[in-house]
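Values reported hereafter were calculated over all heavy atoms of this structure, with side chains retained and with hydrogens, waters and symmetry mates removed. The first residue in the sequence is number 1, and the count goes up from there.
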Amino acid sequence: MKIKMRKKRISIFLCLSLLMSFLWGCSQNTVTETDSAAGLKPIGEPPVSMKEVTQDDKDSWSTFHLQIPEDWVCVPDALSGIYAMSENSYNRFNEEIEKQLQGNNQSWEKYDFLEYDWERKAAYFLDHLSMFIDCTKLTGSEEEKKVYDQLFQGNTDVFEESRIEFLIQYQKLQNKLEDMDPDSQWNPSDIVDSIPEVTPEEKAAFPKPTYEYAYYSGTKGKIVEVKSTFTWYDTTYTIVEYYREGSDYGVFAGFADSEKLSPGDIALWVADSLEVEEHFPE
């Protein structure tokens with residue numbers, strides 16, 4: 001289970017970190033001004049009427065309780081995650097799945113120019129992130145918990161440095177897997193352990209991202225918003241990430257001009273309402 005969970009986390013964080021890999025080298029970190037006595041922004045009311053929903057993941061390892069717009073639906077995801085989306089996005093989602101099952105889905109072909117499989121998967125994920133809100137379990141390592149603790153305290157440098165280290169390590173891992181014989185027997189843990197540590201020189205040479213941060217006083221605890229706008233292969237993406245203090249789950253979403261209410265416009269209230277019951281097998 002730990003290997004599956006790690007793969008899920010890597011996939012999500014890779015996609016959210018792509019802005020670091022092929023973009024500009026200018027860094028601009030903005031922390032939004034807050035106006036409450038505690039230094040936190042009030043969440044306020046959602047832009048539309050909401051409803052309470054309950055949804056299990058595909059394996060029934062986790063039960064999610066959350067609020068979503070009244071005309072939205074929830075879809076189970078594997079490995080302790082769910083998607084929330086509008087009915088329009090849900091219909092498009094099902095159409096794509098049906099095309100894939102019939103073997104005539106051409107949407108994947110536009111990524112053929114990308115060199116690595118992880119790049120193609122990440123590009124596909126980014127292009128579809130504007131269709132849904134992704135609620136997923138984060139890693140439980142002590143190292144990452146310290147990073148989030150620092151983020152909640154306003155130390156964004158530690159968060160950004162961990163992102164850079166992660167993507168460099170992930171690229172090293174993917175490059176190593178690309179060179180391996182797919183029919184050979186190998187242990188994933190051995191491969192990960194054999195990847196050298198990230199050097200200060202590699203960090204210094206890596207393109208720095210552009211982030212904007214906002215801190216909110218949520219009904220269940222402090223929430224930090226991380227917003228990134230970037231261009232990758234001539235396509236501009238804006239994505240938001242939400243982390244709630246004391247929660248092991250993150251909320252991720254994008255924006256779409258075609259939607260009256262984009263997932264990114266409602267993700268804050270989803271993150272504020274989210275509660276999860278875990279039923280992991282022992």
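Listed by first and then second residue, the salt bridge (Lys or Arg N to Asp or Glu O under 4.0 Å) pairs that reach into residues 55-70 come to none, sequence neighbours excluded.
Heavy-atom neighbours of K146 NZ from other residues, nucleotides or ligands within 6.0 Å: at or below the threshold of 12. Sparse packing is recorded around OH of Y90, with 12 or fewer heavy atoms of other residues, nucleotides or ligands lying under 6.0 Å away.
Counting only distance, with no hydrogens or angles, the side chain of E160 and the backbone of D157 share no donor-acceptor pair below 3.5 Å.
Ring geometry for F159 versus Y243: interplanar angle over 60°, hence perpendicular rather than tilted (30 to 60°).
Between the CE atom in M50 and the CD atom in E52 there is a gap of 9.0 Å [rounded to 0.5 Å].
If you run side chain to side chain contact (heavy atoms under 4.5 Å, CB included) between F64 and each of T54, V53, I82, only I82 comes through.
Side-chain atoms of H65 and Q55 include no donor-acceptor pair closer than 3.5 Å. Remark: the T63 side chain and the H279 side chain contain an N/O donor-acceptor pair separated by less than 3.5 Å. Between the side chains of Y249 and E278, at least one donor N or O lies within less than 3.5 Å of an accepting N or O.
Using a 4.0 Å cut-off between charged side-chain N and carboxylate O, E225 and K41 make no salt bridge.
For V251 against C135, the heavy-atom pair with the smallest separation is CG2-SG, 4.1 Å. Nearest heavy atoms, G264 versus Y242: O-OH, 4.5 Å.
No side-chain heavy atom of I43 sits under 4.5 Å from any side-chain heavy atom of T219.
Ring centroid separation for the pair Y211 and Y213 comes in under the 6.0 Å cut-off.
In terms of the ring pair (Phe, Tyr, Trp, His ring centres under 6.0 Å) criterion, Y216 has no residue partners (sequence neighbours excluded).
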